[in-house]
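Please read the structure below before turning to the comments.
Any value given below was found using the heavy atoms of this structure, including those in side chains, with hydrogens, waters and symmetry copies removed.
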Amino acid sequence: MASRSDLALRIDGVVVAAFTPMTPEGALDVARVGPLLDHYERFGVSGVYVTGSTGEGVSLTMTERRQAIDAFVGAGRGRFPVIVQVGRNSLREARELAAHAEAAGADAISSTPPSYFRPTSLSNLVDCMIEVTAGAPGLPFYYYHIPELTGVDSRMVDFLREGGDRLATLAGLKFTSSDLNELQACVELDGGRFEVLSGKDEMLLGALAHGARGAVGSTYNIAAPLYHRLRAAFAAGDIETARRCQSRSIALVDVLRRYRLIPAQKAVMRLIGVDCGPTRLPHVPLTGTQLDSLRRDLDEIGFFEWSGAADAAGGRGRGDATGAPRSSVG
């Protein structure tokens with residue numbers, strides 16, 4: 001059985017699920033991609049995952065997806081790996097995006113399954129991914145498992161077994177599920193043949209304990225130093241510090257969910273001085289009142305003290321109008 005070690009990126013760190021910058025009017029703003037990647041570089045991330053859920057990829061046109069791919073791959077080249085999410089309900093369009101990503105110089109592709117007409121079986125799901133990956137035969141492929149959004153909840157260890165035989169470029173998974181037992185089974189399959197990137201920020205410690213090494217997440221946009229500390233503490237056997245870091249992550253995610261995850265995180269980016277613009281419908285940007293409330297809630301959990309976000313952004317964003325955070329958690 002052939003090894004996939006020559007295909008997988010073997011990421012040992014956090015990959016940020018990038019926002020897609022927008023103008024105030026909601027148009028794609030590729031001019032902001034470079035500064036956004038500068039922010040990620042200051043945060044010390046291990047890679048960038050573009051046009052995924054956080055990047056509102058499903059809300060972009062095909063032309064915009066191509067433009068975003070070009071901008072991120074161009075600005076990221078030589079700094080860190082760029083993984084491009086190409087999933088569409090139209091498999092032919094997904095294949096076209098995969099081909100565009102390979103031609104642009106991306107380091108890997110990823111794809112969700114069709115979610116309107118969903119795959120009818122595991123074999124049918126593999127067939128769908130064969131269609132997509134045919135567009136980029138030279139790039140590692142990471143299947144994007146996010147059943148709460150796609151409604152496709154095939155057992156991933158079975159997908160890897162069948163896909164390993166039929167998908168020539170299958171390197172692993174972006175595993176955005178709370179089923180850590182399944183994550184561990186995927187990590188251990190065939191002696192670690194596939195790379196499993198954890199996709200639940202609030203469960204990173206559990207994923208590490210179950211064998212994951214790399215992770216892809218949205219709150220790495222605003223708090224990557226927290227997750228670096230968590231990973232370092234886990235590696236050193238300092239479980240108490242790792243648990244404290246994870247507790248802060250859980251508190252952060254809980255706050256963001258009160259205001260809707262993606263609009264809230266884009267609002268936080270603006271607070272820390274890295275403006276990515278608004279979200280696109282059906283996501284609704286926060287009102288001024290909501291933004292004030294979000295800032296207070298983040299200040300209450302000590303976010304501006306322990307996240308490292310303002311420091312990485314040059315101290316431009318703080319917890320309130322005075323720049324003085326008030327409290328801390330954990």
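Taking 4.0 Å as the cut-off between side-chain N and carboxylate O, Lys266 and Glu56 count as a salt-bridged pair. Salt bridge annotation for Arg65-Asp70: absent, with no cationic side-chain nitrogen under 4.0 angstrom from a carboxylate oxygen. Looking at Glu96 and Arg66, a side-chain N of the basic residue comes within less than 4.0 Å of a carboxylate O on the acidic one, giving a salt bridge. For Arg296 and Asp299, the salt-bridge test fails: no basic side-chain N is under 4.0 Å from an acidic carboxylate O. A salt bridge does not link Arg295 with Glu300: every distance from a Lys NZ or Arg NE/NH1/NH2 to an Asp or Glu carboxylate oxygen is 4.0 Å or more.
Side-chain contact check for Ser115 versus Asn89: some heavy-atom pair is nearer than 4.5 Å. Here the side chains of Met203 and Gln246 are not in contact, with every heavy-atom distance at 4.5 Å or above. Side-chain contact between Tyr49 and Leu197 is absent, with no heavy atoms from C-beta onward closer than 4.5 Å. Inter-residue side-chain proximity for Val284 and Thr279 is flagged as unmet; no heavy-atom pair is nearer than 4.5 Å. Contact check for Asp107 versus Ile83: no side-chain heavy atoms found under the 4.5 Å cut-off. Proximity of Arg260 to Leu286: side-chain heavy atoms (C-beta onward) are separated by under 4.5 Å at one or more points. Within the 4.5 Å cutoff, the side chain of Val33 has heavy atoms near those of the Pro21 side chain. Here the side chains of Val15 and Phe80 are not in contact, with every heavy-atom distance at 4.5 Å or above.
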In a table with atom names and distances, give each donor-acceptor pair under 3.5 Å that connects a side chain of residues 128-140 to protein atoms at least two apart or in another chain.
{"from": "Thr133", "atom 1": "OG1", "to": "Met129", "atom 2": "O", "distance (Å)": "2.9"}
{"from": "Thr133", "atom 1": "OG1", "to": "Ile130", "atom 2": "O", "distance (Å)": "3.4"}

Going by atom type alone, with no hydrogens or angles, which donor-acceptor pairs under 3.5 Å involve a side-chain atom of residues 217-226 and a protein atom two or more places apart or on another chain?
{"from": "Ser218", "atom 1": "OG", "to": "Gln265", "atom 2": "OE1", "distance (Å)": "3.3"}
{"from": "Ser218", "atom 1": "OG", "to": "Gln265", "atom 2": "NE2", "distance (Å)": "3.3"}
{"from": "Thr219", "atom 1": "OG1", "to": "Asp201", "atom 2": "OD2", "distance (Å)": "2.5"}
{"from": "Thr219", "atom 1": "OG1", "to": "Tyr227", "atom 2": "OH", "distance (Å)": "2.7"}
{"from": "Asn221", "atom 1": "OD1", "to": "Tyr40", "atom 2": "OH", "distance (Å)": "2.5"}
{"from": "Asn221", "atom 1": "ND2", "to": "Ala17", "atom 2": "O", "distance (Å)": "2.8"}
{"from": "Asn221", "atom 1": "ND2", "to": "Ser218", "atom 2": "O", "distance (Å)": "2.8"}

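For residues 203-231, the set of pairs meeting the salt bridge (charged side-chain N to carboxylate O under 4.0 Å, His left out) definition, not counting sequence neighbours, comprises Asp12-Arg213, Asp12-Arg231.
Side-chain N/O atoms of Thr150 and Tyr144 include no donor and acceptor closer than 3.5 Å. At a cut-off of 3.5 Å, with distance as the only test, no side-chain donor of Asn124 or Ser121 sits close to an acceptor on the other residue. Residues Lys200 and Ser198 bring no donor and acceptor atom of their side chains to less than 3.5 Å of each other. Donor-acceptor pairing under 3.5 Å is recorded for the side chains of Glu195 and Tyr142. Judged purely by distance below 3.5 Å, without hydrogens or angles, the side chains of Gln290 and Ser293 never pair a donor atom with an acceptor atom.
Under the 4.5 Å side-chain contact rule for hydrophobic residues, Val73 and Leu28 do not share a cluster. Hydrophobic clustering (ILVMFWY, side-chain heavy atoms < 4.5 Å, transitive): Leu167 and Val196 are in one cluster. Side-chain heavy atoms closer than 4.5 Å link hydrophobic residues (I, L, V, M, F, W, Y) into clusters, and following such links, possibly through other members, connects Leu160 to Phe175. Two different hydrophobic clusters hold Leu149 and Val50 under the rule that ILVMFWY side chains link at heavy-atom gaps under 4.5 Å. Both Leu97 and Ile109 are part of a single hydrophobic cluster, where members link through side-chain heavy atoms under 4.5 Å apart.
Taking every heavy atom of both residues into account, His145 and Ser154 meet most closely at CE1-O, 3.8 Å. Heavy-atom minimum distance, Gly87 versus Thr112: CA-OG1, 3.6 Å. Summarising the geometry of Ala185 relative to Val157, their closest heavy-atom pair is O-CG2, 4.0 Å, with the distance given to 0.1 Å. Taking every heavy atom of both residues into account, Ala242 and Phe234 meet most closely at CB-N, 4.1 Å. Of all non-hydrogen atoms in Ser46 and Ile11, the two that sit nearest each other are CB-CG2, 3.9 Å. Val253 and Leu261 make their closest contact through O-CD2, 4.3 Å (heavy atoms, listed as atom of the first residue, atom of the second, distance).
The main-chain N or O of Thr51 is found under 3.5 Å from a side-chain atom of Gln85 such that the two form a donor-acceptor pair. In this structure a side-chain-to-backbone donor-acceptor pair under 3.5 Å is present from Arg280 to Gly26. Judged by distance alone, with hydrogens and angles left aside, the side-chain atoms of Asp275 form no donor-acceptor pair with the main-chain N or O of Arg270 at under 3.5 Å.
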Problem - Residues Glu202, Arg257; criterion salt bridge (Lys or Arg N to Asp or Glu O under 4.0 Å); working and verdict - result: CA-CA 12 Å; Glu202 65 273 36; Arg257 281 184 174 142; 2.8 Å; yes
Exercise for the section: Might you work through the side chain to side chain contact (heavy atoms under 4.5 Å, CB included) test for Asp254 and Ile250, ending with a clear yes or no? Expected result: CA-CA 6 Å; Asp254 284 346; Ile250 292 168; 3.8 Å; yes
Handout entry: side chain to side chain contact (heavy atoms under 4.5 Å, CB included) between Asp297 and Arg258, worked out
Key = CA-CA 10 Å; Asp297 287 346; Arg258 297 173 202 165; 3.3 Å; yes
Practice task
Would you sort out whether Arg193 and Glu188 count as a side chain to side chain contact (heavy atoms under 4.5 Å, CB included), showing the intermediate values?
Solution key: CA-CA 8 Å; Arg193 179 184 180 194; Glu188 295 176 351; over 6 Å; no
Practice task
Report the C-alpha separation of Asp127 and Arg166 in whole Å, then their side-chain angles, then the decisive distance to 0.1 Å, and conclude whether the side chain to side chain contact (heavy atoms under 4.5 Å, CB included) test is met.
Solution key: CA-CA 9 Å; Asp127 289 340; Arg166 300 177 55 210; 2.3 Å; yes
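Here the CG atom belonging to Leu125 is positioned 11.0 Å from the CG atom belonging to Asp158, to the nearest 0.5 angstrom. In this structure, CG in Asp179 is found 9.0 Å from NE2 in His210, a value given to the nearest 0.5 Å. Atom SG of residue Cys245 and atom CG of residue Leu204 lie 10.0 Å apart, to the nearest 0.5 angstrom. Remark: Leu122 CG to Glu162 CD distance equals 5.0 Å, nearest 0.5 Å. A distance of 11.0 Å separates CG of Asp29 from CD of Gln67, quoted to the nearest 0.5 Å. The CD atom of Glu41 sits 4.5 Å away from atom CZ of Arg79, with the distance rounded to the nearest 0.5 Å.
Under the 30°/60° scheme for interplanar angles, the aromatic rings of His39 and Phe43 are found to be tilted. Classification of the Phe159-Tyr143 ring pair by plane angle, with boundaries at 30° and 60°, yields tilted.
No more than 12 heavy-atom neighbours from other residues, nucleotides or ligands sit within 6.0 angstrom of CZ on Arg243.
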